[in-house]
Amino acid sequence: MPSAEELRERIEQALPGAQVIVQDTTGGGDHFRAEVVSDRFEGLTRIQQHKLIYDVFGDEVGGAIHALSIRTQAPSPAGDGR
Amino acid sequence: MTNDEIRTFIDNAIQENRVMLFMKGTPQQPACGFSMRASGALNALGVKYAALDVLPDPRIRQELSGLSGWPTIPQLFVDGELVGGSDIVMEMFESGELANLVGVEQPELEQSAEPEPEQPVQQRPIGLENRLA
């Protein structure tokens with residue numbers, strides 16, 4: 001069963017330098033919420049940003065990880081067009 | 001129904017419905033909190049949309065994710081393009097971007113985007129369940 005800590009480490013490995021917060025939203029080890037700030041998100045759409053996170057976990061999303069809620073942000077406010 | 005037929009059906013649904021939501025359950029009876037939030041946002045906007053329940057056959061979800069490259073449900077498509085899952089839909093709903101995208105006025109938001117049962121949901125029957133029966 002994945003832990004919030006494990007998810008955080010894997011996101012950080014995939015996106016070096018990212019600021020990552022992962023919460024286990026139910027305490028059950030299968031519903032998580034990730035907040036990620038990374039310069040890799042610069043110039044990407046939200047879809048592309050979220051896909052970068054989903055790609056870290058592949059088939060585990062929908063499997064062992066039942067739900068992964070994601071909030072992404074580039075370090076500069078301009079990154080997401082907002 | 002073969003996997004190819006399901007894929008074609010999904011593809012047509014995306015192309016033929018300007019606002020197309022794939023969800024667990026129905027707008028009237030969402031079967032998952034994330035799907036409930038996404039359909040609730042569309043209900044709050046009062047936009048006409050089609051919704052398809054992915055639960056009747058696991059292959060619907062497999063083919064949809066294969067086609068979109070997006071692993072989770074719900075998935076919202078507008079004008080044939082994937083907009084996102086519930087997180088993105090809610091972010092865009094709250095910022096007014098979603099209203100902009102679908103071409104409606106952002107409603108006055110006194111409360112959150114929980115679905116209002118009285119709100120009529122303009123849902124075109126798709127009948128995938130029937131075809132699979």
Side-chain angles (χ1 to χ4, degrees), chain A residues 2 4 7-8 10-11 14-15 18-38 40-41 43-74 76-82, chain B residues 14 19-25 30-38 40-41 54-55 57-102 106 112-113:
Chain A
L7 264 64
R8 185 180 63 76
R10 288 172 65 187
I11 294 171
L15 303 172
Q19 295 168 263
V20 186
I21 300 170
V22 178
Q23 292 171 305
D24 181 336
T25 54
T26 61
D30 52 11
H31 287 67
F32 297 95
R33 172 175 179 78
E35 293 183 29
V36 185
V37 179
S38 168
R40 286 277 304 277
F41 297 148
L44 300 184
T45 64
R46 280 200 196 84
I47 291 275
Q48 292 166 330
Q49 295 176 1
H50 284 220
K51 272 186 177 166
L52 278 181
I53 305 301
Y54 282 134
D55 286 348
V56 175
F57 303 106
D59 287 346
E60 290 168 76
V61 175
I65 302 170
H66 289 192
L68 177 61
S69 181
I70 299 172
R71 190 152 193 128
T72 54
Q73 212 185 327
S76 87
D80 200 17
R82 292 193 303 152
Chain B
I14 293 168
V19 183
M20 179 72 218
L21 180 68
F22 295 89
M23 64 186 292
K24 293 182 181 175
C32 161
F34 297 99
S35 289
M36 183 173 80
R37 281 158 63 197
V54 303
L55 292 177
D57 189 323
R59 294 177 302 167
I60 302 171
R61 182 178 175 165
Q62 288 164 18
E63 293 299 324
L64 174 63
S65 290
L67 196 139
S68 64
W70 193 258
T72 54
I73 304 293
Q75 296 185 26
L76 176 68
F77 291 77
V78 175
D79 291 323
E81 294 285 328
L82 176 65
V83 173
S86 70
D87 297 319
I88 292 178
V89 168
M90 291 315 292
E91 267 188 56
M92 292 180 69
F93 173 68
E94 283 158 16
S95 69
E97 285 167 87
L98 190 60
N100 230 354
L101 182 66
V102 299
Q106 177 78 352
S112 68

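Just so we're on the same page: letters track the sequence lines, and every chain starts at 1.
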Student check: side-chain heavy atoms of A:Val61 and B:Thr72 closer than 4.5 Å
yes
Return the orientation label for the A:Tyr54 and B:Trp70 ring planes: parallel under 30°, perpendicular over 60°, tilted otherwise.
perpendicular
So how far is it from B:Asp87 CG to A:Arg46 CZ, rounded to the nearest 0.5 Å?
10.5 Å
Output the distance between atom OG1 (A:Thr45) and atom CG (B:Leu82), rounded to the nearest 0.5 Å.
9.0 Å
Out of curiosity, B:Phe34 CZ to A:His31 NE2, how far, rounded to the nearest 0.5 Å?
6.0 Å
Please check if the number of heavy atoms outside B:Glu81 that lie under 6.0 Å from its CD is greater than 12.
no
Minimum heavy-atom separation for A:Ile47 and B:Val83, please, with both atom names.
CD1-O, 2.9 Å
Who wins among B:Gly85, B:Cys32, B:Gly84, B:Gly69 for the most heavy-atom pairs under 4.5 Å with chain A?
B:Gly69
Among A:Gly58, A:Ser69, A:Gly62, A:Ala67, the residue with the most heavy-atom pairs under 4.5 Å to chain B is A:Ser69
